[in-house]
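Ligands are counted one by one from 1 in listed order, and the atoms in each one are counted from 1 as well. Here the structure is a predicted model, which means the values were calculated and not measured.
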Amino acid sequence: MNKPTPGNIFIISAASGTGKTTLVSRLLSAHADVRVSISHTTRSPREGERNGEHYYFVGTAEFEDMIGKGEFLEHADVFGNYYGTSFSGLQALQREGFDVILEIDVQGADQVRRALPEAVSIFILPPSFAVLSERLRGRNTDSAEVIEKRLRQARGEIEQSLLFDYVVVNRDLAEAEAQLSAIIRSQRQTQARQKNFIEGLLSENF
Ligand code: 5GP
């Protein structure tokens, strides 16, 4: 009997407004064996967001307590709020054999790359700054002040794409989704991922 191989970890980052959340939810619908790690955050829920589904919404004291106890694989201050990936949530998904997506910012990506060099990192780019600015304004979820702040941050975040393994340009949702799927599928066929299968095969009697 082959030992189960724990799932792959994919870091997906982008400047906000690039369509990352939409792309990730399309990927999840298309792949039953891929899950997204649910982060903790101190920001307030947006309309329609539910605790334990989109994020675990916690207070600053609780978040800082979790940092103190070493419960986060990575955590960062993004636009004045804490965001973090807990070890426990990630490990539970991986143990069950799911491929896990960490939808996190570039600071978190940097920390995960150091802690888990086997993680595969993907950066999603907008086709242009003009398109990014249009998408951010059209989203209507954040104040003008927050949008302004996010646009200023975008260039710095996009510069960080040079540190990622893969880059996908979101010109068209279906095309970008297909490219992300191809990256996820290809990681399942690496020799390292197939090692348990190979060993099981070689241990067969014939
Ligand atoms: P939003 O508030 O729009 O949901 O997310 C803002 C930014 O925080 C996005 O770039 C998102 O990817 C990032 N983010 C969400 N969860 C985490 C997390 O657990 N860790 C880090 N470092 N960033 C996160």
query = Can you list the ligand 1 atoms lying under 4.0 Å from a non-hydrogen atom of G108?
reply = 22 (N)
ask   = Side-chain donor-acceptor pair under 3.5 Å between S13 and Q160, yes or no?
value = no
message = Using modelled atom types and a 3.5 Å cut-off, is there a donor and acceptor pairing between side-chain atoms of R193 and backbone atoms of P6?
response = yes
request  = Let me see the working for E145 and R150 under salt bridge (Lys or Arg N to Asp or Glu O under 4.0 Å), right down to the final yes or no.
outcome  = CA-CA 9 Å; E145 192 194 328; R150 289 188 178 214; over 6 Å; no
task = Could you establish whether G84 and ligand 1 come within less than 4.0 Å of each other, counting only heavy atoms on the residue side?
result = yes
request  = Look at atom 20 (N) of ligand 1 and say which protein heavy atom is nearest, naming residue and atom and giving the distance to 0.1 Å.
outcome  = E74 OE2, 2.7 Å
ask   = For atom 22 (N) of ligand 1, which candidate among I104, I12, V78, D105 holds the nearest heavy atom?
value = D105
inquiry  = I'd like to know if the side chain of E74 and the backbone of D110 have a donor-acceptor N/O pair within less than 3.5 Å.
reply    = no
task = Measure the distances from the heavy atoms of Q111 to every atom of ligand 1 and state whether one is below 4.0 angstrom.
result = no
inquiry  = Within the 4.5 Å heavy-atom criterion, are Q111 and T85 side-chain neighbours or not?
reply    = no
query = What distance separates E199 CD from L202 CG, expressed to the nearest 0.5 Å?
reply = 8.0 Å
query = If we only count N/O pairs under 3.5 Å, is R43 in contact with ligand 1?
reply = yes
request  = Would you check whether R150 reaches within less than 4.0 Å of ligand 1, judged by its heavy atoms?
outcome  = yes
query = For ligand 1, which atoms, with element, lie under 4.0 Å from some heavy atom of A76?
reply = 22 (N)
task = Of the side chain and backbone of H75, name the one, both, or neither that has a heavy atom under 4.0 Å from an atom of ligand 1.
result = neither
ask   = So is K20 close enough to ligand 1, meaning a heavy atom under 4.0 angstrom away?
value = yes
key: Residue of the set I158, V168, I12 for which side-chain contact (heavy atoms from CB on, under 4.5 Å) holds with F123   = I158
message = Out of all atoms in ligand 1, which are within 4.0 Å of some heavy atom of T85? Include the element for each.
response = 19 (O)
ask   = Considering only heavy atoms, which of A14, S39, S16 lies nearest to atom 16 (N) of ligand 1?
value = S39
Option set Y83, Y56, Y55, criterion heavy-atom distance to atom 4 (O) of ligand 1, minimum = Y55
query = Is it true that E49 and R43 make a salt bridge, defined as a side-chain N closer than 4.0 Å to a carboxylate O?
reply = yes
request  = Report the part of R46 in contact with ligand 1, treating N, CA, C, O as backbone and CB onward as side chain, heavy atoms under 4.0 Å; options are side chain, backbone, both, neither.
outcome  = side chain
Heteroatom distance test (F79, ligand 1): nitrogen or oxygen, under 3.5 angstrom = no
key: Separation of I11 CD1 from I101 CD1 (nearest 0.5 Å)   = 12.0 Å
request  = Answer yes or no for Q107: is there a heavy-atom contact with ligand 1 below 4.0 Å?
outcome  = no
inquiry  = Within a 6.0 Å radius of atom CZ on R46, are there more than 12 heavy atoms belonging to other residues, nucleotides or ligands?
reply    = yes
